[in-house]
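One structure is given here, and the rest of the page talks about it.
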Amino acid sequence: MSPFENAIQQLENAAKILNLDANKFEIIKKPDRVIQVKVPVKMDDGSFKVFDGYRVQFNNLRGPYKGGLRFYPSVDLDEVKALAFWMAIKCAVVNIPMGGGKGGITIDPKLLSKAELEKLTRSFTRAIAPVIGSQVDVPAPDIYTTPEIMSWIVDEYTRVTGKEDLAVVTGKPLDKGGSKGRDRATAMGGFYVLEQVIQKTLNKSKSEIKIAIQGFGNAGSVMADLLVAGGYKVVAVSDSQGGILNMDGLDIEQVKLTKQAKGSVIEYVSGQKITNEQLLEVEVDILIPAALENQITEKNAHNIKAKVLLELANGPTNPAADKLLFEAGKVVVPDVLANAGGVTVSYFEWQQNLDDKYWEEADVFAKLEQIMTSSLDAVWSKAQEHNIDLRTAAFVLAVSRIADKLDLH
Ligand code: GLU
């Protein structure tokens with residue numbers, strides 16, 4: 001099933017538990033607006049290439065559309081729709097006043113020069129400028145997009161609209177209106193949630209707890225750091241080229257240096273090489289998918305050894321796998337809760353820009369911790385109340401909050 005089909009299945013599961021009004025269901029399951037744009041770029045060799053760009057505004061019932069931009073070869077409309085829908089759910093799970101949106105360009109930015117990347121970003125910004133804005137739709141980073149890319153968006157948006165609107169995107173560099181802590185927020189939020197879940201589910205000391213992480217981007221690599229600093233054992237990590245495994249624990253500092261110097265974690269010498277698929281099935285206590293969608297399906301769910309799965313990626317587990325994992329007694333902490341730290345600190349950044357008052361990092365993380373742990377408590381009790389998995393529980397909470405804002409008159 002495609003990511004959007006998965007997303008709608010998840011919505012249906014929650015709608016059943018909620019006894020959601022059929023009219024509300026029909027309205028909630030479709031995006032408000034789907035925008036497809038062409039993104040022409042003059043390449044360094046003088047030729048023009050025209051890329052496909054998207055922005056999906058799923059719903060703004062709870063606040064401005066909010067969600068990242070992904071520059072990735074497999075981006076397509078179905079994926080962006082799913083990601084936009086998950087943003088609406090995510091913001092409602094952590095109860096921040098934002099709706100759901102997402103965007104992207106079908107491209108491999110690794111093949112572009114820096115000048116081409118900047119031109120691509122500016123061209124895309126011109127195309128979506130009429131439909132974004134701090135009170136309308138607020139993009140942010142996602143896979144392969146960075147704070148610097150966000151600063152180009154602000155600059156180009158200001159240039160074409162003539163409006164100074166710093167809060168038009170979040171995830172900006174610190175000296176360009178960014179928030180302290182935004183760069184580590186996704187992993188940090190996941191870490192706060194994970195520590196609570198560990199207390200509820202695993203009867204082991206920290207140093208005995210083995211963890212595997214699929215993906216070594218902003219979310220996965222920062223998570224690896226936090227876990228090692230917290231006294232846990234990270235035994236496997238991977239990136240797009242493959243993974244490495246050492247059951248005695250990886251030296252994450254060395255892994256990071258290796259990736260910086262040689263382009264991939266697989267060049268790290270004190271570990272055994274494994275594939276991304278093998279990583280999911282390693283004998284660990286906790287598995288953290290932090291890469292792409294549809295990694296855990298009915299094909300491999302029964303091979304997963306971990307008791308706890310924490311989804312830092314969006315959409316890594318499909319509904320068929322969810323069912324198998326729940327029946328096997330596994331605890332899947334869903335993306336819409338586990339990785340919501342990123343958008344939560346984006347919301348803090350947006351507030352800081354609008355108030356023109358900037359917070360200390362300690363305040364950002366204290367507020368983030370409070371939101372993440374109270375959201376986990378709410379989702380956990382919902383799951384117990386109905387004897388359902390945590391994803392369905394998170395959707396039940398979120399969909400009821402969104403549906404409450406729908407006026408059918
Ligand atoms: N791309 C991130 C996500 O999937 C962050 C979105 C944001 O900060 O708006 O949640």
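For this chain, numbers begin at 1 and follow the sequence in order. Predicted, not measured: the structure shown is a model, and the values here were computed from it. Both ligands and their constituent atoms are indexed starting at 1 by order of listing.
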Could an N or O of ligand 1 be found under 3.5 Å from any N or O of [X], whether backbone or side chain?
X	answer
Pro141	yes
Asn339	no
Thr170	no

So is [X] touching ligand 1 or not, going by heavy atoms under 4.0 Å?
X	value
Gly171	no
Lys90	yes
Ala340	no
Met98	no

Check each heavy atom of Thr186 against ligand 1 and say whether those closer than 4.0 Å belong to the side chain, the backbone, both or neither.
neither

For [X], take its heavy atoms, then give the atoms of ligand 1 lying under 4.0 Å from any of them.
X	answer
Met87	3 (C), 4 (O), 6 (C), 10 (O)
Lys102	1 (N), 3 (C), 4 (O)
Gly67	9 (O)
Ala140	7 (C), 8 (O), 9 (O)
Asp142	1 (N), 2 (C), 4 (O)

Between Phe4 and Phe58, what is the ring plane arrangement, given parallel below 30°, perpendicular above 60°, and tilted in between?
tilted

Quick one: sort the Tyr72 and Tyr144 rings into parallel, tilted or perpendicular, breaks at 30° and 60°.
tilted

Given Lys66, Arg33, Gln57, the one that forms side-chain hydrogen bond (donor to acceptor under 3.5 Å, both in side chains) with Asp137
Gln57

Given the ring of Trp152, does Lys119 sit roughly above its face, with NZ or CZ under 6.0 Å from the centre of the six-membered ring and within 45° of the axis?
no

Protein contact to [atom] [nearest heavy atom, distance to 0.1 Å]:
atom	answer
atom 5 (C) of ligand 1	Arg182 NH2, 3.6 Å
atom 9 (O) of ligand 1	Lys66 NZ, 2.8 Å
atom 8 (O) of ligand 1	Ser346 OG, 2.5 Å

Say you draw a straight line from [atom1] of [X] to [atom2] of [Y]; how long is it, rounded to the nearest 0.5 Å?
X	Y	atom1	atom2	answer
Trp350	Asp355	CH2	CG	9.5 Å
Met372	Asp377	CE	CG	11.5 Å
Lys30	Phe25	NZ	CZ	10.5 Å

Okay, side chain of [X], backbone of [Y]: is any donor-acceptor separation there less than 3.5 Å?
X	Y	answer
Lys172	Leu166	yes
Gln254	Asp251	no
Asn300	Thr297	yes

